[in-house]
Each structure stands twice: as C-alpha cells, then as structure tokens.
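The structure under discussion appears below in the form of structure tokens.
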Number of protein chains: 2
Amino acid sequence: MTYSIKEVAEKTNLSIYTLRFYDKQGLLPFVARNEAGYRVFTEGDLALLETICCLKNTGMKIKDIQKYIAYVMQGPTTVQKRKELLQHHRQEVVAKQEEIARNLAGIDYKIELYDAPNATSLVAQEVAAAKADKKANGLPDPYPSF
Amino acid sequence: MTYSIKEVAEKTNLSIYTLRFYDKQGLLPFVARNEAGYRVFTEGDLALLETICCLKNTGMKIKDIQKYIAYVMQGPTTVQKRKELLQHHRQEVVAKQEEIARNLAGIDYKIELYDAPNATSLVAQEVAAAKADKKANGLPDPYPSF
DNA sequence: TCTTGCACTAGAGTTAAGTCTAGGGTTTAT
DNA sequence: ATAAACCCTAGACTTAACTCTAGTGCAAGA
C-alpha cells in the first residue's frame, strides 16, 4: 500500500503545504516519486513521519529534525549519534515542561484569588496597594477610582 | 523604590527591547514616565509584569495578555472575566502539556531502542523492513547498502 | 475528449515575537 | 562642560514555520 500526499496529510494532520515544506527542508529525503514526479509514501515512510511529528510536537527545530533524519538515512552506524541527539532533546523538553509547570502555578494562584468568595475586595486591596505605591513615588495613578 | 527599564530587564530576564515592545503592544499601560519621558517602574508594576511573564511562559499570545491587562486596568469589577480568561488558558496549557508528554513517550521509545545492547541489529531490521517496503511497491531504495 | 480533481515547482506573502538602527535627548561623574 | 552611560521613538529587519499563488501537468470518470 502507498499513499498520496493528500492521504498522508489527512493521516498526520499536517497540511499538504506543510508536507511539501518539510520535504523542501530536507525532512523527507526517503519519500519516492512516481513517473509523473508525484510523491509516493510507503508505510515505512509514515512511521518515520510519525517520529518527525513527535520531534516537532515537542518543539524541536526543523534544522535539528533534519539532522536526525540525516542520521537515519545513513543507516545503523549512526545509532549512537541518534541516541545522543534524542537524549539531549529529551532534557530540553523535560526542562521546558518544568518551567511551564512553575509558571502555571503562578497562574493558578491568580485563579484561586479570583475564585475566592471575597475576590472583589481582595482585588480592591491589590489595586489600593498599587495606587499607594504610585503615589508614594510621586507618579500618576493609572487605575480608575474605585 | 522605583526601577529603570534596565533594572527591570535584569530582574525579569526580558531584554530592554522586549520591554519596550511589550509596552508598544499595550502590555504595560500601568508604567509611568518621568519628566524626561523615561519609564519608571514601581514594585506593583513588577508584580504585574511577573504575571505577564507567567502568561507568556505558558504560551499565551500577546494579544490575549493584552486583554487580561486591560481587564486588570478596569479594576475589581472585571474579576469574573479575568478568572474565565485564566481558566480557559489553563485548560489549553494542561492540554498542551499532555500532548507534549504523549509525544515525548514516542521519543523515549526510540531512545530505548537506541539504548538496547543490540541496538545496531534492531535498527538494521528497521532499515531492512523499510527497504522491503520500497521494493514491494517498485520504488527506489533511498537507504545505503548495509 | 473534456472536465474535475489532484499533483508539481518556484517563489511571494504571512504571522508572531522579537531585535536592532538611526537620530536624538538626559544624567552622572570627572 | 564634556564624556560615558542611560533613555526615548519610529521604523526597518530578522527568524521560524508555515501558507498561499501562479502557472503548469497528470489522471480518472461521464
């Protein structure tokens, strides 16, 4: 079984434009063409594309994905390099996830504040403090009265 | 105590350029100016900027941060709207975190493969399958021999 | 065979989020 | 009173990752 670019677009949720763009960027050197120059995807190609999507969806730059694919195209001798590349990326993703979790905690704090029964008065206090802060430094007050 | 743009840049790890850019985008309507037109940041301003960074670092678009700040500037009457905006964003962040975790699992699978004692032969099998796949469909083989 | 749909390339355009430059005031220490 | 270190704006430029257009060719059904 083989697939046209349109079918692959549907399977992967990438647009046809994006697939062609990826090809241009050297991410799909393994995709064959038929006599008319049309791209022909095999099952094996889809498996590799799946990996490409994992890398993309975790924020890897196209240039780095291209590097990984270049290793893959060189065969089993590059196993070590592939592993290092993926492990390095893994570190970055985990770090990013932790950073997001930290920042989300800051947002959760705000949500709790806004969710409190006396949220309005708590926020009013915040504003009062900010106003006082401005006044103490002889600066104009950008907040509305009340 | 007040802070110059340079001091704020150091405290927040945002560049001076970025701070001015954010101001241009309407993210810092609360920041006052002195007689010379220089931005003057108060402690209260830093607290708000901290929230802006939480939103930015979790991937909120500047336009949406701008919306949130606009609510803040309107005072305590907008508590409900702020809460809804943040809760909605929270959903998106959590969903994104889950998506990343799923894709990272796909990468971990590859790492394990490359980390196996017989990784080279396992990868060789992968390539053999891909080659067979191409051949079965009468397509050229893009992989090197062995 | 004609129409409709899908494919191709090259290259222009878009969007988000900065980043930098030019030209010009301000402040501070010497 | 001048150099060094700041600050300002407007607006041009950059980068990543698409997204689309124009012009053209192939393919399959009525």
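Below, chains carry the letters A, B, ... as their sequence lines are ordered, and counting in each starts from 1.
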Ion pair check, [X] and [Y], cut-off under 4.0 Å:
X: B:K135; Y: B:D141; answer: no
X: B:K81; Y: B:E84; answer: no
X: A:K110; Y: A:E126; answer: yes
X: A:R102; Y: A:E99; answer: no
X: B:R33; Y: B:D23; answer: yes
X: B:R90; Y: A:D108; answer: yes

Whole-Å gap separating [atom2] ([N]) and [atom1] ([X]):
X: B:M60; N: C:dG18; atom1: CE; atom2: P; answer: 14 Å
X: B:K61; N: C:dG18; atom1: NZ; atom2: P; answer: 12 Å
X: B:I62; N: C:dT15; atom1: CD1; atom2: C1'; answer: 12 Å
X: A:K63; N: D:dA17; atom1: NZ; atom2: C1'; answer: 12 Å
X: A:E7; N: C:dC6; atom1: CD; atom2: C1'; answer: 11 Å
X: B:Q66; N: C:dA16; atom1: CD; atom2: P; answer: 14 Å
X: A:I5; N: D:dT19; atom1: CD1; atom2: P; answer: 14 Å
X: A:F21; N: D:dT21; atom1: CZ; atom2: P; answer: 18 Å

Dump the pairs, protein N or O against N or O of nucleotides 11-14 of chain D, anything under 3.5 Å, distances to one decimal.
| unit_1 | atom_1 | unit_2 | atom_2 | d |
| --- | --- | --- | --- | --- |
| D:dG11 | N7 | B:K24 | NZ | 3.3 |

Task: Distance-only side-chain donor-acceptor flag, B:Y71 / B:R82, under 3.5 Å - done: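 Per modelled atom types, B:Y71 and B:R82 side chains form no pair under 3.5 Å.
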
Open item on the list: Please list, in numerical order, the residues of residues 12-20 of chain B that have a heavy atom closer than 4.0 Å to any atom of DNA chain D.
Closed with: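 Heavy-atom cutoff 4.0 Å gives B:I16, B:R20.
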
Task: DNA chain D contacts among residues 31-49 of chain B, heavy-atom distance under 4.0 Å - done: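 Under 4.0 Å from DNA chain D: B:R33, B:G37, B:Y38, B:R39.
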
Task: ILVMFWY cluster, A:I100 and B:L55 together (side-chain gap under 4.5 Å) - done: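 Hydrophobic grouping puts A:I100 with B:L55.
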
- [ ] Would you indicate which nucleotide in D:dC18, D:dA17, C:dG18 comes nearest to any side-chain atom of A:Y22?
- [x]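 Minimum distance to the A:Y22 side chain belongs to D:dC18.
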
Open item on the list: Whether the side chain of A:N118 engages the backbone of A:S121 through a donor-acceptor N/O pair (distance < 3.5 Å, no angle test) should be reported.
Closed with: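 Checked: no pair found.
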
TODO: Would you indicate, yes or no, if C:dA7 has its OP1 or OP2 atom less than 4.0 angstrom from a side-chain nitrogen or oxygen of A:S4?
DONE: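 Yes.
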
Task: Minimum heavy-atom distance A:D133-B:E43, with the two atoms named - done: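 Looking at all heavy atoms of both residues, the shortest contact is OD2-N, 3.3 Å.
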
- [ ] Identify the heavy atoms of A:P29 and A:M73 that sit nearest to each other, and give their distance.
- [x]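 Answer, listing the atom of A:P29 first, then A:M73: CG-CG, 3.8 Å.
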
